[in-house]
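Just so we're clear, the structure is a prediction, and the values are computed from it rather than from any experiment.
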Amino acid sequence: MSSLPSALAAHPDLDTWVRVDVERTITVFTGKVELGQGIVSALARVAAEELDVAFERVRVETADTDHGLDERMTAGSRSMADSGTALRHAAAEVRARLLELASTALEVPLERLQILDGTISDPSGGGCVTYWQLAGGQPLRRTATGLISPKPAGAHRLVGRSEANRSDLRALVTGATRFVQDLRHELMVHARVVRPPSRAARLESLDDAPVRGMAGVIDVVRNGSFVGVLAEREEQAVRAAEVLHSRARWAEEATLPPCGALGSWLREQPDEAFLVTDGSPAGPAPEPDGAVQWTHRASYTRPYLMHGSIGPSAAMALWQDGRLTVWTHSQGVYPLREALGDALELPTDAIRVRHVVGAGCYGHNAADDAAFDAALLAIAAPGRAVMLKWSRMDEHQWEPYGAPALVECSAVLDQGGRIVDWSHDVWGTTHISRPMTGGSPNLLAGPHLDPPLSYRGPAPFLVKEAGIHRNATPIYELPRQRIVKHFVAAMPLRTSSLRSLGAYANVFAIESFMDELAALRGVSPLQFRLMHLGDTRAREVLQTAADAAGWSGAASADFGRGSGVALARYKGSAAYAAVVVRLRVDDETAAIALDEIFIAADCGEVVDPSGAINQLEGGALQSASWTLKEQVVFDSTTVNSVDWDTYPILRFSEVPRIETVLLDRPGQPFLGIGEATQGPTGAAISNAVFDAIGVRLRDTPFTPARVRAAALVA
């Protein structure tokens, strides 16, 4: 089995991956989930290619614990590299098996057979038979051998081409898609949870008598500081929760640090420091050797960031006959099942977790927490399907945030202007507290229960490219590097995975610092990068982005308008992306307006060009929103970012023109693209601002107030 892709080696039964349906369709299975990234369509394209059927015939079923295909998390831009590669090989083996069956049925040698849209025929007149006649509705009962190779890239008719549209696109744009928030069940009731007003708050008293008498209210559930209400109709549950909130009394404490000084606060906290290269305890930066011409230091920060899902989290749960079924938009149905089993003291075989598409999220938002809320309330209402929805305020105040970071960079340039010493220190906390990380459920309601669920505190991940130090190692050839992560365990707000994890802050710092060094050296930022770049694929991506923008790297001659570039390879192993940004800085308001974004990317073999472009451009826009606008705001007690006014995001009217160039590599491995543009976009914006007005912005978000303050210092 060593020759099989890892996901196929773990699940070698071909029936786990492919089913030939009676209805003249093909169903393929994945342990990954659809989050808006388009993997359902991409996987359908891969399967249709290998099986020689029309794209329209392929159906894709995503993660469901009852199916048995455990691919853990949909994360890290690994869906196509893991599930896509496994499915490609599984489909190739299924095709070979169907050819064997056809050869026997038609009494025709294999080499004479050909396939057209699931019909196997002998061109010399030996008859034909279809997949559905051979195996429709029947299991194949075969194990993957690793002896069948997928088609060569030159034989592809769908992969890498634009002939087939996304299979889910029409439903999305017409409003027909049924999200988890839209689920209906004949036994359904509605629920809401009354959250504490702040992180450290504990419930002292609750007068629920008036609520129990309200129309439609089925029950009020209290367990410690966890309070929920069940009602026949949704508006009844909403109103009951409002009344419960007004009749709850909480004990609160001021536990939060100054919101505007997170970088210095992080620097002052006790930390564990590790050299990223080998996980050894880290010491101070070494003194530079040899002739030194230039030295430079700078620090960069990012605040707490939200996932900002447009649709607040939701889940449905049914407790019936000793079995719990949960419908959720979680990114990992198997870890969630384990967490629910641990939290509820149920065997995992008594729990089924089914993925249903949510309203969009890249990372660990509140989906798992909502699922636990629904499960707790479903057990209090046996036989009723409990639809639990969070409010916008719940989502903003209680989702696990993207972790703040402080990055300090220093470098030494020799007399030839080349970097001879590089030091990178990054302070932060865990980016990974998904369910069962460290063996704990890690679900929001857990600490609110009586007794509270045990929770293992965050611990540093020392594996390659994990959380804090993701993309902390530069893509450039540098003779001496010191990369150190400083893990801060005691944090005031809960954090977990947000798109690109630590890569956004690290690439933002590295690529901003490269521009600062280029300016110190007196060369263009494009030339300076090429001086230190040996990876030929990276060089091609960088030059392609510059060419697409028609930009030589020369400084702007028009004050208030500027261009900036940045480059990275996500995780050092996934897609390459270079971004050039053109923008304006208003002289009166100090507001930054994006005019154009140019992206060049090498993501290995491209399966769906339009899907790849959507991912790259969507990532750039999300990064632009982080960089220009987003920051979780709080006082000493409470998170005050409760809606889109107090947590602004990029608006449609602020979206620039975007042009993307894909460098396709047919036959090369799939490289994940979903998180490739986050870091480069933020840095490119920072570099373009300097080109426009000569001001360095090192702390996101780049609000007008920060632009004005930086301009005064400059």
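- Taking 4.5 Å as the limit, some side-chain heavy atom of Arg434 sits within range of a side-chain heavy atom of Ser497.
- Side-chain contact between Asn365 and Leu498 is absent, with no heavy-atom pair separated by less than 4.5 Å.
- Proximity of the aromatic rings of Tyr300 and Phe508 is defined here by a centroid distance below 6.0 angstrom, and this criterion is met.
- Put simply, the side chain of Arg539 never gets that close to the backbone of Gly534: no donor and acceptor are under 3.5 Å apart.
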Below 3.5 Å, can you tabulate the donor-acceptor pairs from side chains in residues 563-574 to any protein atom, sequence neighbours excluded?
residue: Arg569; atom: NE; partner: Ala574; partner atom: O; Å: 2.7
residue: Arg569; atom: NH1; partner: Tyr576; partner atom: OH; Å: 3.2
residue: Arg569; atom: NH2; partner: Ser573; partner atom: O; Å: 3.1
residue: Tyr570; atom: OH; partner: Arg470; partner atom: NH1; Å: 2.8
residue: Tyr570; atom: OH; partner: Glu675; partner atom: OE1; Å: 3.1
residue: Tyr570; atom: OH; partner: Glu675; partner atom: OE2; Å: 3.2
residue: Lys571; atom: NZ; partner: Gly76; partner atom: O; Å: 2.7

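- Inspection of the Arg302 and Gln631 side chains reveals no N or O donor paired with an N or O acceptor under 3.5 Å.
- Thr495 and Thr429 share no donor-acceptor pair across their side chains, judged by distance under 3.5 Å alone.
- Using a 3.5 Å distance cut-off with no hydrogens or angles, the side chains of His364 and Ser496 do pair a donor with an acceptor.
- Using a 3.5 Å distance cut-off with no hydrogens or angles, the side chains of Thr74 and Gln331 do not pair a donor with an acceptor.
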* Chi angles and distances behind the side-chain contact (heavy atoms from CB on, under 4.5 Å) call for Met514, Glu511 -> CA-CA 5 Å; Met514 287 293 287; Glu511 289 296 293; 4.1 Å; yes
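- Arg529 places no side-chain N or O within donor-acceptor distance of the main-chain N or O of Leu542, the cut-off being under 3.5 Å.
- Checked against the 6.0 Å centroid criterion, the rings of Phe513 and His296 qualify as a close aromatic pair.
- Between Pro656 and Leu583 there is no side-chain heavy-atom pair separated by less than 4.5 Å.
- A donor-acceptor contact shorter than 3.5 Å links the side chain of Ser264 to the backbone of Ala261.
- The shortest distance between side-chain heavy atoms of Val507 and Gln678 does not fall below 4.5 Å.
- A donor atom on one side chain and an acceptor atom on the other are found under 3.5 Å apart for Glu399 and His307.
- In this structure, Val420 and Leu413 have side chains that are not in contact, with every pair of non-hydrogen atoms separated by 4.5 Å or more.
- Of all heavy-atom pairs spanning Arg521 and Gly417, the tightest one is NE-CA, 2.9 Å.
- Of the inter-residue distances, the one linking Thr295 atom OG1 with Leu520 atom CG reads 8.0 Å to the nearest 0.5 angstrom.
- With no hydrogens or angles considered, no side-chain donor-acceptor pair links His424 and Gln481 at under 3.5 Å.
- Here Glu272 does not pair with Lys485 in a salt bridge; the nearest charged N to carboxylate O distance is not below 4.0 Å.
- The distance from the CG atom of Leu462 to the NZ atom of Lys464 is 15.0 Å, given to the nearest 0.5 Å.
- The minimum heavy-atom distance linking Val581 with Ala684 is given by the pair CG2-CB, 3.7 Å.
- Inter-residue side-chain proximity for Pro479 and Trp422 is flagged as unmet; no heavy-atom pair is nearer than 4.5 Å.
- At a threshold of 4.0 Å, the pair Arg561-Asp691 does not count as salt-bridged, since none of the basic side-chain nitrogens sits closer than that to a carboxylate oxygen.
- Taking the six-membered ring for Trp and thresholds of 30 and 60 degrees, Trp626 and Tyr504 have ring planes more than 60 degrees apart, a perpendicular arrangement.
- Residue Gly604 comes nearest to Gln668 through the heavy atom pair CA-CB, 4.4 Å, listed as atom of the first residue, atom of the second, then distance.
- A salt bridge between Arg698 and Glu516 is present, with a side-chain N of the basic residue lying under 4.0 Å from a carboxylate O of the acidic one.
- Inter-residue side-chain proximity for Phe690 and Asp515 is flagged as unmet; no heavy-atom pair is nearer than 4.5 Å.
- Looking at Ser625, its side chain does come within 3.5 Å of a backbone N or O of Leu650 through a donor-acceptor pair.
- Heavy atoms only, all atoms of each residue included: Ile419 and Asp421 are closest at CG2-O, 3.5 Å.
- Heavy atoms only, all atoms of each residue included: Phe670 and Met80 are closest at CD1-O, 3.2 Å.
- One finds the CD atom of Gln415 at 8.5 Å from the CH2 atom of Trp294 (value rounded to the nearest 0.5 Å).
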After noting the C-alpha distance and the side-chain angles of Asp425 and Arg482, does the key distance pass the salt bridge (Lys or Arg N to Asp or Glu O under 4.0 Å) rule? CA-CA 8 Å; Asp425 290 78; Arg482 172 187 168 275; 2.7 Å; yes
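- Remark: Glu408 CD to Thr301 OG1 distance equals 11.0 Å, nearest 0.5 Å.
- With Thr681 contributing its side chain and Thr677 its backbone, the two residues share a donor-acceptor pair below 3.5 Å.
- Across Leu533 and Tyr476, no two heavy atoms sit closer than the pair CD1-CD2, 3.7 Å.
- Within the model, atoms CG of Leu594 and CD1 of Ile592 stand 8.0 Å from one another, a figure rounded to the nearest 0.5 Å.
- Of the possible donor and acceptor atoms, one in the side chain of Arg418 sits under 3.5 Å from a partner among the backbone N and O of Met531.
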* Please test Val695 against Arg706 for side-chain contact (heavy atoms from CB on, under 4.5 Å), starting from the C-alpha separation and ending with a verdict. => CA-CA 11 Å; Val695 170; Arg706 279 207 167 128; over 6 Å; no
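- The main-chain N or O of Glu540 is found under 3.5 Å from a side-chain atom of Thr544 such that the two form a donor-acceptor pair.
- Two residues are said to be in side-chain contact when any heavy atoms from C-beta on lie closer than 4.5 Å; Phe702 and Ile685 meet this criterion.
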Pair Asp595, Arg582 - check salt bridge (Lys or Arg N to Asp or Glu O under 4.0 Å), show working.
CA-CA 5 Å; Asp595 290 330; Arg582 284 204 180 102; over 6 Å; no
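- A salt bridge does not link Glu605 to Lys151: none of the charged side-chain nitrogens sits closer than 4.0 Å to a carboxylate oxygen.
- Electrostatic pairing of Arg78 and Asp82 counts as a salt bridge here, judged by a charged N lying under 4.0 Å from a carboxylate O.
- Salt bridge present: Lys629 and Glu654 bring a charged side-chain N and a carboxylate O closer than 4.0 Å.
- From Ile613, atom CD1 reaches atom SG of Cys603 across 9.5 Å, with rounding to the nearest 0.5 Å.
- Checked by atom type and distance alone, the side chain of Glu34 pairs as donor or acceptor with a backbone atom of Gly36 at under 3.5 Å.
- Residues meeting the side-chain contact (heavy atoms from CB on, under 4.5 Å) test with Ala490, sequence neighbours left out: none.
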Worksheet item: How far apart are the C-alpha atoms of Thr430 and Phe487, what are their side-chain angles, what is the distance that settles it, and do they pass the side-chain contact (heavy atoms from CB on, under 4.5 Å) test?
Response: CA-CA 8 Å; Thr430 184; Phe487 177 77; 4.3 Å; yes
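- Counting only N and O atoms by type, the side chains of Gln615 and Tyr362 include a donor and acceptor under 3.5 Å apart.
- A side-chain donor-acceptor contact under 3.5 Å links Ser610 and Asp608.
- For Asn506 and His469, the side-chain atoms include no donor-acceptor pair closer than 3.5 Å.
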| task | Assess whether side-chain contact (heavy atoms from CB on, under 4.5 Å) is satisfied between His532 and Leu478, documenting all intermediate values. | result | CA-CA 7 Å; His532 294 87; Leu478 307 173; 4.1 Å; yes
